Every structure is written in structure tokens, then in C-alpha cells.
Student: 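One structure is given below, represented as C-alpha cells, and several questions about it will come after.
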Amino acid sequence: MPRDYYQILDVSREATEEEIKKNYRKFALKYHPDRNPGNKESEELFKEASEAYEVLRDPQKRRIYDQYGHEGLKGTGFQGFSGFDDIFSSFGSIFEEFFGFDRRRSPHQGPTRGRDLRYDLEVTYEDAVSGKTVELSLPKYENCSACAGAGHESGHEPIVCPACQGAGQTVHTQGFFSVSSTCSHCRGRGRLITHPCQECRGAGKVEVVRKVAVNIPAGVNHGNKMRLAGEGESGERGGPAGDLYLVIHLKAHDKFERHGDDVHYQHMVSMALAALGGAVEIPTLHGPEKLVVPRGIQTGEELLLKGKGFPSVRSGRKGSQIVHVFVETPKKLTPRQEELLREFSEIEKNKGNGVKGFFRDATENLKKKLFV
Ligand SMILES: [Zn+2]
Ligand SMILES: [Zn+2]
């Protein structure tokens with residue numbers, strides 16, 4: 001015949017919810033398996049108190065128990081607890097509240113969230129302009145399916161570590177001081193696996209390569225981070241998986257340089273084209289484009305191709321391609337070219353607007369560009 005629940009928790013039949021909780025806390029702390037490793041008697045008392053609390057904290061169960069006793073509860077299908085796992089999963093949040101940091105010192109219990117992972121992804125300028133779906137191969141640890149992450153064969157529960165009696169810590173006393181350190185025998189776990197799972201050799205985790213398809217939005221830039229919720233490592237004992245952080249690295253381009261959503265490009269034009277003006281074809285990230293070079297352009301002047309930059313990730317509005325023009329002075333001349341240039345030079349002299357004037361204009365222009 002099971003003992004009376006009120007008697008177990010040492011409360012009156014009129015006890016309030018708070019009184020019941022308070023007394024259960026007292027007994028749970030006293031008989032907690034972590035504090036009494038291997039002690040069968042406190043194990044039983046812990047289970048008994050937990051069962052009493054499970055009934056008395058629930059107004060409906062409590063009413064049935066008050067009226068019909070233990071027999072009445074059996075009629076509702078209530079069976080008490082089969083073991084510690086049962087108790088801990090039922091009272092998870094209460095134990096968190098009761099034991100605070102003590103529970104964290106015993107990592108073999110509550111659910112733990114999986115670790116976050118970081119993945120560095122290199123993206124080309126072309127991919128960043130148009131966006132891309134990439135398939136990532138992520139090496140990560142997942143719970144071993146053979147043992148469901150427990151690390152041991154079923155039917156062979158881990159034993160209490162004999163070196164630390166399950167505390168996970170060993171205490172050395174030296175004079176007035178006591179120094180505690182992590183138990184080296186069980187590496188702080190407090191439990192030892194006697195029959196490790198064949199699949200994961202006791203780790204509870206196996207490395208797997210998971211394929212994840214990720215949509216890289218158009219316009220991403222160097223250093224952008226993307227969070228993929230739940231794609232990190234799997235949690236322990238039913239805890240949620242961590243997140244995956246994708247960090248974008250923009251691969252340097254040999255022709256273009258990105259500034260914000262604009263892309264800068266250097267273009268050399270011949271002396272003649274600079275003087276006469278004309279159309280040229282230049283590369284952009286969106287394919288080749290016709291660029292109209294106005295007559296009389298100088299080194300250092302900029303021409304704009306609107307909408308040929310990167311789209312903004314937020315607004316989608318496109319930046320520009322900024323073309324930096326450089327006028328190329330020919331180093332080798334054919335006799336005919338030389339003849340024409342000499343003639344050109346003569347005319348310039350006669351106009352009274354010689355080489356000096358041209359030189360001054362060009363340097364003024366460069367200064368403007370460099371110091372603005
Ligand atoms: Zn396993
Ligand atoms: Zn130990």
C-alpha cells in the first residue's frame with residue numbers, strides 16, 4: 001500500500017500550492033540522485049516525493065486523490081514515474097528553478113541547445129550581382145541514430161563514476177583550503193559508459209555531411225551574414241538545434257572594384273578618341289555595354305553607367321558603374337602617325353594654345369579627382 005501523498009511531502013490536507021511546492025523542493029534537493037549517487041534509499045524517496053508532487057500540484061488529480069485515494073488515480077490511468085528520465089522530463093522547468101547552477105554542473109541531464117556553426121562562403125562579383133542558389137556540404141555532428149545520442153547500448157545505463165561518486169568534481173583539502181577540480185576519470189560527466197554504442201563509440205554523435213541549399217540574394221556584400229535557423233549542430237537530450245551563420249566573402253575581381261552598390265572600372269582611351277569622342281564597348285557585370293566617350297575627355301574624368309552596379313539587398317535599387325577614364329599616350333608611332341602629330345603640333349602652336357595649355361588642363365583635372 002503506497003504512503004499518503006500529504007504525509008510524504010509533510011504537508012496538511014489543506015496545504016496551498018505554494019506550500020506543496022516548497023516542501024517538494026526541500027525533499028527533491030535532499031534526495032536528488034546527483035547528491036546521493038548510488039544510494040537506493042534516497043532514490044526511492046526521490047521518486048516517491050516526485051510522484052506525490054505530480055498529483056498534488058494538479059488540482060484535478062488532487063481532487064480525485066482526496067475523494068478516492070490511490071485507487072481513484074489508477075482509474076485515470078495515472079501510473080507514477082517509471083524512472084528519473086520520466087521525472088526530469090515532467091518537471092524540467094521546475095528543476096531548472098530548484099537547482100540553478102547545480103544542474104548545469106551535471107551536464108548529463110537537461111536538454112542542451114546544439115552549437116551554432118559558421119560557414120565562410122566565397123562569392124564572385126557575378127554571383128553577387130544576380131544572386132544564386134548554392135548547395136553547401138556541411139560537415140556537422142548529429143545525434144547518433146543507433147543510440148539516439150545516448151552513447152551507450154540500450155539496457156546498459158551509464159554507471160555512477162566511482163572516482164567522484166557522480167559529482168563530476170573531486171575535492172582536495174589542503175590545510176584550510178579545499179580545491180575542487182573536474183574529475184579526470186569521467187571528465188566531469190559524473191557517469192561512465194560501460195557498454196559504448198558500436199556506431200559512435202560512446203560519443204553519442206556522429207559526423208555527417210549534410211547538403212543544404214541556400215539562396216544567396218542578389219546584392220550581397222563582403223561581410224554580410226545570413227542566419228539559417230536550425231541548421232547548426234543538433235541539440236542534446238531533445239534540445240533544439242543550433243543555427244548556421246553564413247558569412248559572405250566577396251572574391252576580388254580583376255576588372256572591377258565594388259564600393260557600396262557602385263562598381264568602379266578603369267578604361268584606357270587613345271589620345272585620338274579622347275580628343276574626337278566616340279563610342280566604345282566596355283565590360284560590365286551585366287554584360288558588354290556601349291559607352292559614349294564625349295569629345296575632349298581628360299584623364300581622371302568619370303563616366304557613369306546608371307543601373308550597371310549591384311542591386312541593394314534591401315531595396316533592389318541598382319548602383320552604377322563608374323568608369324574612370326585614362327588617356328593613353330602612344331609610345332610607338334608609325335612614320336605616318338608621327339607626321340600627322342607633328343602637323344597637329346604646328347597648328348596648335350599657331351593657335352597660341354600649345355602643349356603647355358593641354359598639360360595644365362590635364363593636371364588640374366587630376367588634382368580635382370584626387371583631392372575632392
Ligand atoms: Zn551511438
Ligand atoms: Zn568522475
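Remember, it's a predicted structure, so these values are computed and weren't measured experimentally. Remember, it's 1-based here, ligands and their atoms both numbered in the order they're listed.
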Student: Would you give the angle at the Zn ion (ligand 2) between C161 atom SG and C186 atom SG, to the nearest 10°?
Tutor: 110°
Student: Does E153 offer a backbone N or O that forms a donor-acceptor pair with the side chain of Q198 under 3.5 Å?
Tutor: no
Student: State, to the nearest 10 degrees, the angle whose vertex is the Zn ion (ligand 1) and whose arms point to SG of C200 and SG of C144.
Tutor: 110°
Student: SG (C183) to the Zn ion (ligand 2) to SG (C164): angle, nearest 10 degrees?
Tutor: 110°
Student: Angle between ring planes, H70 versus Y5, binned at 30° and 60°: parallel, tilted or perpendicular?
Tutor: perpendicular
Student: Does a side-chain heavy-atom distance below 4.5 Å link F27 with S50?
Tutor: no
Student: Please determine if the Zn ion (ligand 1) has an N/O/S atom from H152 lying under 2.8 Å away.
Tutor: no
Student: How are the rings of F256 and Y265 set to each other: parallel, tilted or perpendicular (split at 30° and 60°)?
Tutor: tilted
Student: Are the aromatic ring centres of H267 and H324 under 6.0 angstrom apart?
Tutor: no
Student: Please determine if the Zn ion (ligand 2) has an N/O/S atom from H185 lying under 2.8 Å away.
Tutor: no
